[in-house]
Amino acid sequence: MKNPSTLVAEATVSYIKNAFNHDLDAQSLTLQSTRKDFDGDITLVVFPLTRITRKSPTETANMIGEALKANLPEVDGFNVIQGFLNIHFTDYFWWEQIQYLQTLKDFGIIPQRNGQQPILVEFSSPNTNKPLHLGHIRNNLLGASVSRILSANGQKVIKVNLVNDRGIHICKSMLAWQKWGNGETPETSGMKGDHLVGKYYVEFDKHYKAEVAAITEHGIKLEEAEKKAPIMLEVREMLLKWEAGDREIRQLWSKMNGWVYKGFESTYQKMGIEFDKIYYESNTYLTGKTIVAEGLENGILAQKEDGSVWIDLTNDGLDEKLLLRSDGTSVYMTQDLGTADLRYGEFHPQSMIYVVGNEQNYHFDVLKIALARLNKPWAATIRHLSYGMVELPDGKMKSREGTVVDADDLMDQMYDTARQMTEELGKADDMTEPEASELYRKVSLAALKYFILKVDPKKNMLFNPADSIDFNGNTGPFIQYTFARIKSIMRKIDTNPADIKLSPVEIGLKERQVVRLVMQFPQIVIEAGKEMSPALIANYCFELAKEFNQFYHDFSILHENIAEKKAFRIVLAWQTSEILRNGMSLLGIEMPDRM
RNA sequence: GGUCCGGUAGCUCAGUUGGAUAGAGCAGCAGCCUUCUAAGCUGCGGGUCGCGCGUUCGAAUCGCGCCCGGAUCACCA
């Protein structure tokens with residue numbers, strides 16, 4: 001079934017061909033949805049065409065309008081305002097669209113195509129020295145949502161997580177626990193494992209800062225003091241022991257990481273995040289070295305006198321970049337080269353997407369070029385989904401300064417707010433306790449997820465802990481509420497909306513607005529996939545919900561006297577709810593049947 | 001300093017390949033529940049789209065130059 005813009009575009013092209021013997025590219029036409037304050041469904045901007053017609057914009061628009069009306073049975077009228085041709089489609093056309101939708105399942109969602117290479121999406125990628133915070137939430141929600149959106153575009157998606165489980169920062173919490181932990185465990189302390197480990201990371205920093213301060217008082221420079229602080233020397237030694245495979249250290253490492261994983265697992269579960277495959281840096285960090293060694297052999301890379309290995313990217317407008325330290329240990333870039341190569345070998349994906357903050361844009365520029373130089377042609381398929389920081393009113397979150405918004409705390413707070421608000425409104429009065437708590441969970445998560453995902457990924461966004469996330473207006477709960485209202489109507493009828501027989505009806509202005517929006521959904525899904533932007537889905541869902549609410553307010557569905565109209569409205573409402581459910585599920589948001 | 005990203009209403013954000021009078025939400029004010037759920041709907045006020053020049057029928061959108069904010073340019077990750 002053709003959509004209105006395609007119909008208009010094709011008819012316009014053939015008219016221009018017939019009347020002016022001019023070949024026009026359908027793509028070059030500017031077609032847009034007619035603005036609300038004008039009468040019509042789709043608008044053709046005719047200014048660019050006046051060069052061909054050699055007539056005024058108004059004349060041109062009128063000519064095309066007449067031609068469309070004559071040649072397209074779907075078009076029953078038009079008006080021209082200053083070079084804008086507003087085309088009006090018949091009620092029957094829109095009615096037919098809805099009738100057609102009735103026969104479809106999951107309109108706008110493209111089923112997975114067979115025989116395709118998968119797309120790999122890496123996201124989350126936490127460090128095991130502290131619990132997840134709001135920044136991680138944005139990362140996780142984006143990664144999960146983009147994965148769903150790509151799936152909805154017919155792709156096979158593999159979600160991977162790369163856990164940064166080793167390194168000096170991990171040793172810091174280990175050392176602090178060793179020194180001051182008194183054998184404290186999640187069980188004895190009653191603390192979630194990741195929070196407990198995070199506590200010792202902060203503890204380390206506290207002692208470290210004190211030591212540095214003490215040293216600088218003796219007139220020693222800060223830079224030197226930072227290197228010489230005894231606790232820092234100790235932690236470096238611990239890292240060496242770890243790399244040497246020291247039994248005791250490895251055991252401590254496994255134990256504390258185990259606590260963290262258990263903690264992460266519960267946070268992920270609350271958030272509704274899951275992965276197809278989890279990589280651990282401790283298992284992959286060595287493989288990058290092999291690639292670097294090969295590059296050295298082939299003369300692609302250069303070794304300096306001290307033994308460090310570099311790649312020269314000055315020809316690409318970048319700098320020289322270190323790939324191996326002089327002591328032979330690997331850096332972040334080294335292991336990323338290795339992990340990428342491993343993954344490519346394992347899945348042969350058509351594309352590898354990395355959901356990583358924009359602070360690492362440079363890193364990914366280097367990664368792509370470095371891999372290409374090292375004869376990995378698939379480097380070109382790497383895409384960095386770079387997203388902006390989540391900022392607090394007084395600037396960036398800093399874990400060491402305790403200004404982070406903790407993921408678990410935030411979700412708990414949201415849950416409490418949802419409960420409080422629901423109770424105030426009396427919405428859960430006739431629900432059982434499990435039903436009610438399930439509702440609080442869905443509503444609070446919707447508020448949080450929507451709040452984050454509605455913002456264009458590449459932009460920084462602000463979170464103000466003082467005024468908590470809204471449940472009214474442009475929010476997740478607003479859309480859920482619209483859905484729940486429709487569900488309530490559906491409970492009152494005894495037929496399955498899919499089975500309702502429709503006959504042609506007159507379609508009112510408000511209904512028409514809803515129908516037009518409904519029909520746009522597939523295009524939005526495609527666009528969101530191309531742009532890797534859940535925000536497009538979020539904004540669309542809001543618009544649809546708002547439009548439906550206006551219709552709902554102005555007209556009755558179940559009390560409509562004319563049977564054909566009533567049937568049409570029921571089906572339209574049902575379609576709206578299906579699209580809201582499918583759209584929101586692309587954001588990882590669940591819809592409650594009642595609220 | 002080099003590179004990249006951003007600057008739209010008091011606040012948080014939309015604004016498609018350049019198109020009509022720049023839109024929502026929140027906050028403020030004023031209304032709407034004997035009728036399908038008021039977490040809703042309606043109305044009002046609120047703007048030098050950072051600044052300037054240019055490109056053209058037309059610029060928040062494209063180009064150039066400046067101003068402001070952020071990120072990054074580590075033998076950190």
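A, B, ... follow the sequence lines: proteins, then strands. Residue 1 opens every chain. These values consider heavy atoms only, across backbone and side chains, with no hydrogens, waters or symmetry-generated copies.
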Pick base, sugar-phosphate or nothing for [X], based on heavy-atom distances below 4.0 Å to the nucleic acid.
{"X": "Y552(A)", "result": "base"}
{"X": "M461(A)", "result": "sugar-phosphate"}
{"X": "Q550(A)", "result": "sugar-phosphate"}
{"X": "L462(A)", "result": "sugar-phosphate"}
{"X": "Y362(A)", "result": "sugar-phosphate"}
{"X": "Q360(A)", "result": "base"}
{"X": "T329(A)", "result": "nothing"}
{"X": "K458(A)", "result": "sugar-phosphate"}
{"X": "V45(A)", "result": "base"}
{"X": "Y481(A)", "result": "base"}
{"X": "P57(A)", "result": "nothing"}
{"X": "T43(A)", "result": "base"}
{"X": "D327(A)", "result": "nothing"}

For [X] and [N], what is the distance between atoms [atom1] and [atom2] respectively, to the nearest whole Å?
{"X": "M389(A)", "N": "G69(B)", "atom1": "CE", "atom2": "P", "result": "19 Å"}
{"X": "E226(A)", "N": "A74(B)", "atom1": "CD", "atom2": "P", "result": "17 Å"}
{"X": "F555(A)", "N": "U42(B)", "atom1": "CZ", "atom2": "P", "result": "12 Å"}
{"X": "M591(A)", "N": "A39(B)", "atom1": "CE", "atom2": "C1'", "result": "13 Å"}
{"X": "Y332(A)", "N": "C73(B)", "atom1": "OH", "atom2": "P", "result": "12 Å"}
{"X": "E543(A)", "N": "U16(B)", "atom1": "CD", "atom2": "C1'", "result": "12 Å"}
{"X": "I81(A)", "N": "G58(B)", "atom1": "CD1", "atom2": "P", "result": "21 Å"}
{"X": "F542(A)", "N": "C13(B)", "atom1": "CZ", "atom2": "C1'", "result": "11 Å"}

Sticking with atom [atom1], work out how far [N] lies from [M], rounded to a whole angstrom.
{"N": "C66(B)", "M": "A27(B)", "atom1": "C1'", "value": "35 Å"}
{"N": "U8(B)", "M": "U16(B)", "atom1": "P", "value": "16 Å"}
{"N": "C13(B)", "M": "A22(B)", "atom1": "C1'", "value": "14 Å"}
{"N": "G18(B)", "M": "U61(B)", "atom1": "P", "value": "11 Å"}
{"N": "A14(B)", "M": "G7(B)", "atom1": "C1'", "value": "15 Å"}
{"N": "U17(B)", "M": "A24(B)", "atom1": "C1'", "value": "24 Å"}
{"N": "C26(B)", "M": "C44(B)", "atom1": "P", "value": "16 Å"}
{"N": "A30(B)", "M": "G46(B)", "atom1": "C1'", "value": "16 Å"}

- Take H169(A) and N86(A), find for each the nucleotide of RNA chain B with the closest heavy atom, and name the residue whose nucleotide sits nearer the 5' end.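 Whichever sits nearer the 5' end wins; that is N86(A).
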
- For H363(A) and for Q27(A), find the nucleotide of RNA chain B with the closest heavy atom, then tell me which residue's nucleotide is more 5'. Q27(A)

Shortest side-chain distance from [X], nucleotide among [options]:
{"X": "T422(A)", "options": "A20(B), G40(B), A39(B)", "value": "A39(B)"}
{"X": "V455(A)", "options": "G70(B), A14(B), A77(B)", "value": "A14(B)"}
{"X": "K459(A)", "options": "A14(B), C36(B), A77(B)", "value": "A14(B)"}
{"X": "E359(A)", "options": "U72(B), C26(B), G25(B)", "value": "U72(B)"}
{"X": "T30(A)", "options": "U17(B), A71(B), G25(B)", "value": "U17(B)"}
{"X": "H559(A)", "options": "A39(B), U35(B), A20(B)", "value": "U35(B)"}

OP1 or OP2 of [N] versus the side-chain N and O atoms of [X]: is any pair under 4.0 Å?
{"X": "S488(A)", "N": "U37(B)", "answer": "yes"}
{"X": "N472(A)", "N": "G40(B)", "answer": "yes"}
{"X": "R51(A)", "N": "U56(B)", "answer": "no"}
{"X": "R485(A)", "N": "A38(B)", "answer": "yes"}
{"X": "K454(A)", "N": "U12(B)", "answer": "no"}
{"X": "R35(A)", "N": "G23(B)", "answer": "yes"}
{"X": "K546(A)", "N": "G25(B)", "answer": "no"}

- Candidate list K442(A), R441(A), R594(A), test salt bridge (charged side-chain N to carboxylate O under 4.0 Å, His left out), partner E435(A), passing option: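 So the option named by the test is R594(A).
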
- Query: Quick one: does V235(A)'s side chain get under 4.5 Å of F204(A)'s, heavy atoms only?
  - Reply: yes

Under a plain distance cut-off of 3.5 Å, with no hydrogens placed, do [Y] and [X] share a side-chain donor-acceptor pair?
{"X": "T482(A)", "Y": "N549(A)", "value": "yes"}
{"X": "N474(A)", "Y": "Y450(A)", "value": "yes"}
{"X": "S56(A)", "Y": "E59(A)", "value": "yes"}
{"X": "N361(A)", "Y": "S386(A)", "value": "yes"}
{"X": "H88(A)", "Y": "N79(A)", "value": "no"}

- With K304(A) as the cation and W310(A) as the aromatic partner, state whether NZ or CZ is under 6.0 Å from the six-membered ring centre and within 45° of the axis.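 Yes, a cation-pi geometry holds between K304(A) and W310(A).
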
- Query: For C33(B), does the glycosidic angle fall within 90° of 0 (syn) or outside that (anti)?
  - Reply: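 The base of C33(B) is oriented syn (glycosidic angle within 90° of 0).
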
- Task: Drop me the distance from K546(A)'s NZ to L544(A)'s CG, to the nearest 0.5 angstrom.
- Result: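 Answer rounded to 0.5 Å: 11.5 Å.
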
- Message: So that I know where these two stand, are Y332(A) and H363(A) an aromatic pair - ring centroids less than 6.0 Å apart?
- Response: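 Yes, they do, as the ring centres are separated by less than 6.0 Å.
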
- Geometric class of the Y552(A)/F548(A) ring pair [parallel <30°, tilted 30-60°, perpendicular >60°]: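 Ring orientation of F548(A) relative to Y552(A): tilted.
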
- Task: Please work out whether the ring planes of Y415(A) and Y440(A) are parallel, tilted or perpendicular, with thresholds of 30° and 60°.
- Result: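 Aromatic pair Y415(A)/Y440(A) classed perpendicular.
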
Would you check if [X] stacks with the base of [N], given a 5.5 Å centroid limit and a 30° plane limit, both strict?
{"X": "F38(A)", "N": "A20(B)", "result": "yes"}
{"X": "F84(A)", "N": "A20(B)", "result": "yes"}
{"X": "F47(A)", "N": "G19(B)", "result": "yes"}

- Please map the stems of RNA chain B, keeping only stretches of three or more Watson-Crick or G-U wobble pairs with both distances under 3.5 angstrom. B:1-7 with B:67-73, B:10-13 with B:23-26, B:28-32 with B:40-44, B:50-54 with B:62-66

